[in-house]
S.K.: 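Quick one: the structure is below, questions incoming.
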Amino acid sequence: MAARAPRPLPEYLAGLNPEQLEAVLHEDGNLLILAGAGSGKTRVITTKIAYLIAERGLAPESILAVTFTNKAAAEMRERACSIEPACARANLRTFHSFGAWFLRRNAAAAGLDRDFTIYDDDDSTTLLRAAFPELSRPEAGKLASAIARAKDYGLTPDAPDLERGFGGKDFRRRYAEYEGRLRQTGNVDFGDLISLPVRVLEREPAIRERVHARFRVIMVDEYQDSNVAQFELLKALAGPEAYVCVVGDDDQSIYRFRGAEVKNILSFPEVFPRTAVVKLERNYRSYQSILDIASRVVENNEGRLGKTLRATRTGGEKPTLAVLRDHDEETAYCIRVIDAHLRTGGSFSDVAILYRTNAQSLAFERAFPPAGIPYRLVGALRFYEREEVKDALALLALASNPRDEVAFRRVANKPARGVGDASLEAVVEAAFLGDGDLVAAAAEARAKSAKARAGLAAFAALMQKLAERLAAPALADDGGRALDDDAPGPSGPPPVAPGAERLSAVVEYAVRESGLLQYHKDQDDIAGSQKTANLDELVNAASDYPATREGLAAFLEAVELDRAMSSGEVSQDAVTLITMHNTKGLEFPVVVIAGMEQGLFPRDDDEGDDLEEQRRLFYVALTRAKDELHLTYCRRRLFRGRIMEYQPSRFLAEVPKELLKSFGGKLDLSIAEAAGAWKTGTRVYHDDHGAGYVARVAPAGEAGVCVTVRFETGRTLQFFPKFTKKLERMGD
DNA sequence: CAATTCGGGATCTGC
DNA sequence: TCCCGAATTG
């Protein structure tokens, strides 16, 4: 193409604003980009990658760019490649996918099999319950998330400051036992995908040097969501010569509960010397009237770096606050908004309804079809989490790794083969005494009952056949060298040789021969569910992979690391129903943020740092809107089958009234008038429940006031004095 | 060992 | 209200 002689800036740089251009061209030292919502940060990253390759002559393989979601990684790849096709050879991945890639190539150094599979939180809980039968399911779940959190902070079971924040000796002991059990299975959890590479890099100078020599440029997107362990990985990956560029927005950090550390942004310039800071504050997405609200809200947080978004788009309507009676009025209001938008020539897909909890989607799902509105529900129950899919995956995981205890426990007796808890435990114990091979142990089991013995033998035979159907790995002959070398490997299935069997045939065989298909078909007939359809979907998903051990491992990794894998068809033009968390990185011309009620968003127990995180979530939600923004508040809402009265969200009080146009009614935050003589502490008598006292008084719109009464019987109930005659004040 | 009943708890959650 | 996990019973 063009000569490499000096020449004017390429055309793809021409559209950048001065700050964006500065960020793209910067290359001396390190770089921290503070990028506000809608400021074009993805454009900056992708342009920078393309620029480094096309203009600065960097080898694509020497660039590593990590994101937090597969979707973001895919988008980055696509946009970078559209500027410079060679970007396809750069390493653009999620943190976890990079970790898996690294560990497979350095499996021996990490003490792992190359074919390890990845345990999710649910699998960890199962493992913990096996290790500690005294724990109930919820207790094991809490322990699993505490361990995951410890790993987020890079703390091993022998970390000195483990006690701080993670309970005492019990936690340390259990964490250590969990690690032992997990290593025994030969598998890893999500935390290991980050922390094991760090340890390998620290321990193995040869590997470290090879990595340092390879990755000259390391970029991290959504840096505000990185946790301590990921920060450690970044430090370990970056050699003295590396150029590190991170992009983030402290105001959009909404994963603190999962270990994300805003401190990673604050301390970046100290850890990485000669760091330049570029702020991107020009917002190309929203009208200023929308940004004003977002800014006023997020200003209530402390400990921000401080940014002020300025809109480049002028004009636009003032956002609306709709004060509504209940969720029926809320759906009706949304339908009006959608209709009005269609009348101006817009489409369904321009509109998104955002809410805090998945349960809120139900009202819209019921109201939209009769109104002729197609909708698309994002991320409610993820495909891979479904029972039938996890069952099928467990069969495959066990075929891939016969030491996988969690998979074995899940499917050894599903559908029922007459193998009970006692027999199952005996097999696991026998395997532990040997080489850990659970399938072999099942085949040899000396179970008490003939029924259990027969069941285990049948199961072992099935697993044996599955293993046989997986052709030997093509790479076996070279002792795995092809994996040890630093192949660039954008993630994806290994190629299927022409005429070779596809993995989908093996998956179908496994599902059918195990009896899982029939089992779930029966469930479908009883409950009218879609389980067999989902199993079909899983079979389809496997068709891109070859029926080899390597193909299976790649398939399992893809499924485990891309949880968004959808089930079913995506309709083209539909309104989006989505939780606020799921909207990060998205934008819509018309946004409705539904359910602005105190107790729902934020919850009443959100205080301090939790409250600030919820406020950032609100900020994220607000800044998704391009043209039109609506907030809805319902005075009553159905909550767990009961109609409850709600006050407006405290976040609404943080928005100056003049920034919102009101619909339906004005907020009245003063309760004194409606409360009348109902005051906290008042003694009362109820015809049905006897004596008690008022514990709480809350405004309830047209219903006047809602009083919470604690009775001497110990019960606590809520009443609307306006509607009941059974509740009386005593001593009046 | 499997089926049924009963009772407690109920958020969001990138990978 | 609804769903899941534990206990109980056949």
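All of these numbers come straight from a predicted model, not from anything done at the bench. Here is the naming used below: chain letters follow the sequence lines, and residue numbers restart at 1 for every chain.
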S.K.: Quick one: is A/Asn413 getting a side-chain N or O under 4.0 Å of the B/dA2 phosphate, OP1 or OP2?
M.R.: yes
S.K.: Between C/dA6, B/dT11, B/dC1, which nucleotide gets closest to the side-chain atoms of A/Arg356?
M.R.: B/dT11
S.K.: Under 4.0 Å between a side-chain N or O of A/Ser423 and OP1 or OP2 of B/dC1?
M.R.: yes
S.K.: To the nearest Å, give me how far apart NZ (A/Lys451) and P (B/dC1) are.
M.R.: 8 Å
S.K.: Output the rounded distance in Å from CG (A/Leu193) to P (B/dG14).
M.R.: 15 Å
S.K.: Would you mind checking if A/Lys151 and A/Glu179 are paired as a salt bridge, meaning a charged N to carboxylate O distance below 4.0 Å?
M.R.: yes
S.K.: Expressed in angstrom and rounded to an integer, what is the separation of A/Met580 atom CE from B/dT11 atom P?
M.R.: 16 Å
S.K.: Check A/Asp192 with A/Arg183, please: is the shortest side-chain N to carboxylate O separation under 4.0 Å?
M.R.: yes
S.K.: A/Tyr355 has an atom OH; how far is it from atom C1' of B/dT13, in whole Å?
M.R.: 15 Å
S.K.: Looking at the side chain of A/Thr357, which of B/dT13, B/dT11, C/dA6 is the nearest nucleotide?
M.R.: B/dT11
S.K.: Remember a base hit wins even if backbone is also touched, and classify A/Phe257 as base, sugar-phosphate or nothing at under 4.0 Å, heavy atoms.
M.R.: base
S.K.: Below the 4.0 Å mark, does B/dT13 have OP1 or OP2 next to a side-chain nitrogen or oxygen of A/Thr579?
M.R.: yes
S.K.: Distance check needed: C/dC4 P versus A/Arg129 CZ, whole Å only.
M.R.: 15 Å
S.K.: Write down the distance between CG (A/Asp610) and P (B/dT11), rounded to a whole number of angstrom.
M.R.: 15 Å
S.K.: For A/Asp121 and for A/Gln614, locate the closest nucleotide of DNA chain B by heavy-atom distance; then report the residue assigned to the nucleotide nearer the 5' terminus.
M.R.: A/Gln614
S.K.: Can you confirm whether A/Glu387 sits close enough to A/Lys414 that some side-chain heavy atom of one is under 4.5 Å from a side-chain heavy atom of the other?
M.R.: yes
S.K.: Nearest whole Å is fine: how far is B/dT13 P from A/Lys142 NZ?
M.R.: 19 Å
S.K.: Can you tell whether the side chains of A/Glu587 and A/Arg624 come within less than 4.0 Å, N to carboxylate O?
M.R.: no
S.K.: Phosphate oxygens OP1/OP2 of B/dC12: is one of them under 4.0 Å from a side-chain N or O of A/Asn358?
M.R.: yes
S.K.: To the side chain of A/Tyr255, which of B/dG14, C/dA6, B/dC12 is closest?
M.R.: B/dG14
S.K.: Of the candidate nucleotides B/dT13, C/dT1, C/dA6, which contains the atom at the shortest distance from the side chain of A/Asn582?
M.R.: B/dT13
S.K.: What is the distance, to the nearest angstrom, from the CZ atom on A/Arg417 to the P atom on B/dA2?
M.R.: 11 Å
S.K.: So does A/Lys41 pair up with A/Asp249, basic N to acidic O under 4.0 Å?
M.R.: no
S.K.: A/Arg137 side chain N/O closer than 4.0 Å to the phosphate oxygens (OP1, OP2) of B/dG9?
M.R.: no
